[in-house]
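Worksheet for the structure shown next.
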Amino acid sequence: MKIATWNINGVKARIANLCEWLESSAPDVVCLQEIKSVDEGFPRLEIEALGYHVETHGQKGFNGVAILSKMKPDEVSRGLPGDDQDEQARFIEAVFSIDGGVVRICSLYLPNGNPADDPVKYPYKLAWMERLKAFAESRLALEEPFILAGDYNVIPEPHDCRDPKLWEGDALFLPKTRQSFRRLENLGLVDAVRATSDDPLLYSFWDYQAGAWQKNNGIRIDHLMLSPEASDRLLSASIEKHVRSWEKPSDHVPVAAVFDF
DNA sequence: ATGGCCCAGTGTCTGGGA
């Protein structure tokens, strides 16, 4: 099974790219972020025509996540537990039957948190990460294949960006952000890309501005984090960098992992 | 030349992204 995550930066602006990528990459499950659409506005017909089920959790204007899948999910839930006041559409979970059990797959869009000195934005990011940790603990207790995939807005280590000096003080790279991400890893979650590659130049995002793509001035912020039961069955992982050179690209590219289930 | 963008809706500008 091939499972991918991709921040598409607007599903309606990206529908041609998305369909072309679905056909060429042929993932079984796709976690999308920043669909920037309400559920009723999501272009589901085009995607269903390619043989995918569509589950969305959208809102007006920005944010929004979705899970596309060749198999029909057994269960779907929307929203990250832990704060009933949180209106932002950043989390959806689906459960699929596989040989001998199930796999749980979540599509998450972790808050950016900038500017870091904002009285609301950075504390919201850190609180969201705490909620994610609590959720992960509850799911890890099930001892099932479990995949937390998405745009984490976290640069985990200095080698996950081209120029760490540029990111000092940024909410994506602040010590507290990285510490919170390590807490997730320390629960037993494994980063699929780092588990399968030593390449120091692996990025998943290049800014539209300042020729970042042409200069390979990128950052690695889109991650598939695996439970031990999923990590046991990981075969390979890849960053589908070529998609960034397509016409009218998202600023993120798909990241995918292949499992022997 | 050390900067250069893009998306959706509130809509010919603003807010948000990273």
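Note that the coordinates shown come from a computational prediction; the quantities given were computed from them, not determined experimentally. Chain letters run A, B, ... following the sequence lines, proteins first and then strands; every chain starts at 1.
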Under 4.0 angstrom, heavy atoms only, what part of the nucleic acid is A/N9 near: base, sugar-phosphate, or nothing?
sugar-phosphate

What about A/K121, does its side chain sit under 3.5 Å from the base of B/dG17 through a donor-acceptor pair?
no

Of A/Y208 and A/G113, whose nearest nucleotide on DNA chain B comes first from the 5' end?
A/Y208

Cation-pi geometry met for A/R90 and A/Y109 (6.0 Å, 45°):
yes

A/F181 side chain near A/M129 side chain, heavy-atom distance below 4.5 Å
yes

P gap between B/dG11 and B/dC5, integer Å:
24 Å

If you define the side chain from C-beta out and look only at heavy atoms, does anything of A/L22 sit under 4.5 Å from A/P27?
yes

Interatomic distance, A/Q33 CD vs B/dC7 C1' [rounded to whole Å]:
16 Å

Rounded to whole angstroms, how far apart are CG on A/L110 and P on B/dG16?
18 Å

So, is A/H252 close to the B/dA18 phosphate, meaning a side-chain N or O under 4.0 Å from OP1 or OP2?
yes

Whole-Å distance between B/dA8 P and A/D39 CG?
16 Å

Which whole-number value in Å describes the distance from A/F205 CZ to B/dC5 C1'?
10 Å

NZ of A/K36 versus P of B/dA18: gap in Å, rounded?
8 Å

Give me the distance, rounded to whole Å, that separates B/dG16 from B/dT10 when you measure between the P atoms they each carry.
13 Å

Calculate the interatomic distance between A/I8 atom CD1 and B/dG17 atom C1'; express it in whole Å.
15 Å

Report which part of the nucleic acid A/N153 touches: base, sugar-phosphate, or nothing (heavy-atom distance under 4.0 Å, all strands).
sugar-phosphate

Closest listed nucleotide, where the reference is the side chain of A/K60 and the choices are B/dG17, B/dT10, B/dC7
B/dT10

More than 12 heavy atoms from other groups under 6.0 Å of NZ on A/K60
no

For A/N7, report the nucleic acid contact type (base, sugar-phosphate, nothing); a contact means any heavy atom under 4.0 Å.
sugar-phosphate

When rounded to the nearest Å, what value does the distance between P atoms of B/dC6 and B/dA1 take?
24 Å

Looking at A/K248, I'd like to know whether one of its side-chain N or O atoms comes within less than 4.0 Å of OP1 or OP2 on B/dC7.
yes

Do we see a donor-acceptor contact under 3.5 Å between the side chains of A/N153 and A/K125?
no

What contact category does A/Y109 fall into here, base, sugar-phosphate, or nothing, at under 4.0 angstrom with non-hydrogen atoms?
sugar-phosphate

What is the nucleic acid contact for A/N217, judged by heavy atoms within less than 4.0 Å: base, sugar-phosphate only, or nothing?
nothing

In whole Å, what separates the P atom of B/dA18 from that of B/dA8?
14 Å

Rounded interatomic separation in angstrom, taking CZ from A/F62 and C1' from B/dA18
15 Å

Rounding to a whole Å, what distance do you find between A/Y203:OH and B/dA18:P?
18 Å

When you check the side-chain N and O atoms of A/K133 and A/S180, is any donor under 3.5 Å from an acceptor?
no

Would A/D260 and A/R233 pass as an ion pair if we require N to O under 4.0 Å?
yes

So does A/N112 get a side-chain nitrogen or oxygen closer than 4.0 Å to the phosphate oxygens (OP1/OP2) of B/dA18?
yes

Hey, which of these two, A/D151 or A/Q209, hits DNA chain B nearer its 5' end, going by closest nucleotide?
A/Q209

Below 4.0 Å: OP1/OP2 of B/dC7 and any side-chain N or O of A/R14:
yes

Integer angstrom distance from the C1' of B/dC7 to that of B/dT12
16 Å

Contact class for A/A210 (heavy atom, under 4.0 Å): base, sugar-phosphate, or nothing?
base

